[in-house]
Amino acid sequence: MTSLLENLNEAQREAVLHVDGPLLILAGPGSGKTRVVTHRVAHLLEQGVRSRQVLALTFTNKAASEMRNRIQSLVPGEAVWVSTFHRFGARMLREHGELVGLAPNFTIYDTSDSRQVLKRVLEAERIHVMGYSPDRIAGAISAAKNKLITADDYKARRDSPLSEIVAQVYPAYQQRMLQSAAVDFDDLLMHVASLLYHNPEVRAQLDDRFRYVLVDEYQDTNKAQYVILKALSVDHPNLAATGDPDQSIYGWRGADITNILEFERDFPQVHVVRLEQNYRSTKSILRVADELIAHNTRRKQKSLFTDNGEGRPVRLIAYADQDLEAGGIAEEIRAAIEGGQRRASDFAVFYRTNALSRSMERALRAAGVPYQMVRGQEFYGRKEIKDVLAYCQLANNSHDDVAFDRSVNSPTRGVGKKSIERLNLHAYRYGTSLLDAARQADSIEGMTKRAANSLLSYVKLIDEVASLASDSVEAVIGTVIEKSGYSKALRESGDEEDQSRLENIEELLTDARQFDEQSEEFGDGGLEAYLERTWLVNETDDWETEADKVTLMTLHATKGLEFPVVYLIALEDGILPHERSRDNAEGLEEERRLAFVGITRAKEQLQMSYVRMREYRGQRRMAIPSSFLMEMPREQLEMVDARSDDLDFYADDYDTYGVDEQYEEPSTQIDVPKSPAPKLPVAAGLTTAAQLAGGKSTKHSKVSPDVFSLGMTVVHPEFGPGKITALGGSGSARKATVQFAAAGERRFVLVHSQLRPAQG
DNA sequence: ACGAATTTGATTTTT
DNA sequence: TCAAATTCGT
């Protein structure tokens, strides 16, 4: 009991001790929010609240699993339900979906799947799109759903041609989705909100079941999420929201900052706690952030403070162009690493748009500095993975026409465009699914004998897969891969790319096996559960945090993270307030928050920069410094003009921040290296061929994933000796990237790999 | 049905 | 500029 409150400040303690009634935790950056939330859950359980009655909702899987783990370590053995909003929505719809006309075995379409459906509908309904792209139309539908405007409620506005299109296509799209027993991401929330609204008994039942609801990042909730939360907090109004209006950066995705601004109005008896002490950044960094964000109007007054040291002044540099900017930063990072003051992983470079990473990447590569980009390329989104999963989806839900489309002719089996067209017509005419239409392939007019036969054997395969559904997922996917001829086609292809596709498919099989093992232990397995995971959990959720590499990412991706040294680049008009956002006040404020979020990620050092000339879409253009720079305490910034050649930034001996080691800064020149810097010794420490010999004998002995560490020399029976260059995840999810002497770089899921530490 | 050629259009992207 | 998406040609 006492231990729970140890090392908490006054405000944190207040939040942790709050039990009944609504609670709003306004948590500034670096204020120990997660600690407060997890400790509060532990405290609730100590007060006799049953763990089944607690529901914690997050936006990302990463946040959910972090919270889950931290609660677990505080109160072992207690099963609190921590979930993303969308997974929660999916779970509710599996139970109560019939109330909104949804079959329980529904499929969840990702963005590209639902875009596919939309295009179909636009075509089938012969809707004049008047030059609006499907993406644009989909965006409008999504926005409507986020605002909880249903297809029936949607009304076209006279002044908006786009809304006229939406008014036509939205109902048709929604009908098509329901027919296919499918939902898109937005539906997961909208359907739940709607069923809670229309079914008072269900609402009451769930309100009772989830007595204590916690929400993370409340500033990012949209209307649908707001309504869900509200509905779960009528009879038991114990909603605890944590968030920070100043970090609301997803307005463009439907997040409504009003939710957090008006929480107190929505829940009159709310207890408000402000977490204002920052444990992350130096005073100078915090001051810059604070002064900038003070220019926003839609916010809650907070006064951030820190006991940390003053630290170095925040630097603002003007470079001549982007290559000098990137080169200067890369060189500085290289020097700090080489001088031993910093590790590569201490550094992060943030930018507004992905396109800005290019020059930075080039410069880092030239300087021989290892880096990683947090990318959006997700494992389950890869073509081959989606292809294989489509068979499973269809076996699970025979109405899933998108899955049919995707799988019916991949690998190619002689069912071409013409046959599909006839099939479509038939299905449309008789109102059946494509799969059911295919069952009657031989009686469809115009269908060639060849195509009909192919279709019938395809249907047979799907039926067989469906009959396996109660088996292990591994068996299901294994069957698909073999009997569909998918792996055969890849094996026989000479294409290099197909080779890696094959590997990915094998990784999928491994992933399925891992899922089977886990569900054996904890229950809740089966094909549908597995599919749901592929739809709602993407692999980028655990990127390699342990890798000793410089991190490059967009500002949006930085939320929740921190780095000792941060470079914020391209602070230019039209880029950081982005040109598409700066016209309206609302948009401009969000851009400012984006800058605020970026700045407050920095622990010890922050450098902001802009250039005078930027190459943009092929055009060289004069760049104007961001207006945000004028809103910062300029007299406290260390301003540097990189035109002068002999600058010595660290000539003065600044107070170094806080408890940290006082390190010596190299006196770095800002001018760009004239010749490429020497490459890092990547292959250093590799095992010799002699050490390899013993490797194979360890092949089947189990090794705990925890024995592996960064930089460790390892041996693989197939690929030989290598060195671990990156590590991520923990337990059975622990993954490693290995640089092999002979076989290049490869990634492994450690529990399943044959990777072993090298002996000797 | 595939690869080449060309057209287009271009923030951010938790799910 | 440049990459993705569509169309074209075989």
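Within every chain, numbering begins at 1; the chains are lettered A, B, ... in the order of the sequence lines, protein sequences first and strands thereafter.
- Computed from coordinates, the A:I420 CD1 to B:dA1 C1' distance equals 13 Å when rounded to whole Å.
- Across the interface with DNA chain B, nearest-nucleotide mapping of A:D220 and A:S581 shows A:S581 to be the residue nearer the 5′ end.
- Residues A:L555 and A:V415 both approach DNA chain B. Their nearest nucleotides, taken by heavy-atom distance, put A:V415 toward the 5′ side.
- In this structure, A:H578 has its ring center no closer than 6.0 Å to that of A:W252.
- Not one side-chain nitrogen or oxygen of A:N354 sits closer than 4.0 Å to the OP1 or OP2 atom of B:dT11.
- Nucleotides B:dT11 and C:dT6 place their C1' atoms 23 Å apart, quoted to the nearest Å.
- Not a single donor-acceptor contact under 3.5 angstrom links the side-chain atoms of A:R617 to the base of C:dT1.
- A:G89 comes within contact range of no nucleotide atom at all, as no heavy-atom separation falls under 4.0 Å.
- The pair A:E591-A:R352 meets the salt-bridge criterion, with a side-chain N (NZ, NE, NH1 or NH2) lying under 4.0 Å from an Asp/Glu carboxylate O.
- Rounded to whole angstrom, the span from the OH atom of A:Y250 across to the P atom of B:dT13 amounts to 7 Å.
- A heavy-atom distance below 4.5 Å is not found between the side chains of A:H86 and A:W535.
- Between A:K418 and A:E421, none of the side-chain N atoms (NZ, or NE/NH1/NH2) sits under 4.0 Å from a carboxylate O, so this pair counts as no salt bridge.
- A:R87 comes within 4.0 angstrom of nothing in the nucleic acid, heavy atoms only.
- With centroids closer than 5.5 Å and planes inclined by less than 30 degrees as the test, A:H86 and the base of B:dT15 fail to qualify as a stacked pair.
- For A:L188 and B:dT15, the CG to P distance is 12 Å, given to the nearest whole Å.
- Counting only heavy atoms from C-beta on, A:T353 has its side chain closest to B:dT12 among B:dT15, B:dT14, B:dT12.
- Under 4.0 angstrom from either OP1 or OP2 of C:dA3 there lies at least one side-chain N or O belonging to A:R358.
- B:dT12 atom C1' lies 16 Å from atom CZ of A:R582, rounded to whole Å.
- Which of B:dT11, B:dC2, C:dA3 sits closest to the side chain of A:T412 comes down to B:dC2.
- Salt bridge status for A:K147 with A:D256: absent, with no side-chain N to carboxylate O gap under 4.0 Å.
- In terms of phosphate contacts, A:T554 brings a side-chain nitrogen or oxygen within less than 4.0 Å of OP1 or OP2 of B:dT13.
- Using Watson-Crick or G-U wobble geometry with both donor-acceptor distances under 3.5 Å, B:dA1 finds its partner in C:dT10.
- Aromatic ring centres of A:F628 and A:Y610 lie farther apart than the 6.0 Å criterion allows.
- Contact check, A:R533 against B:dT15: no side-chain N or O comes under 4.0 Å of OP1 or OP2.
- With hydrogens and angles ignored, a donor-acceptor pair under 3.5 angstrom links the side chain of A:R253 to the base of B:dT15.
- Each of B:dA1, B:dT12, B:dT14 was ranked by its minimum atom distance to the side chain of A:N409; first place goes to B:dA1.
- What separates CD of A:E589 from C1' of B:dT12 is a distance of 18 Å, to the nearest Å.
- Following rounding to the nearest Å, A:E421 (CD) and B:dA1 (P) show an atom-to-atom distance of 12 Å.
- In this structure B:dT8 sits in the anti conformation; its chi angle is more than 90° from 0.
- Here A:K119 reaches the OP1 or OP2 of C:dT6: one of its side-chain N or O atoms lies under 4.0 Å away.
- Atom CG of A:L189 and atom P of B:dT14 are 15 Å apart (whole Å).
- Of the possible donor and acceptor atoms, none in the side chain of A:Y567 sits under 3.5 Å from a partner among the backbone N and O of A:A348.
- A:E532 comes within 4.0 angstrom of nothing in the nucleic acid, heavy atoms only.
- We find that CD of A:E590 is positioned 9 Å from C1' of B:dT12, with the value rounded to whole Å.
- B:dT12 makes up no base pair with any nucleotide shown, lacking Watson-Crick or G-U wobble contacts both under 3.5 Å.
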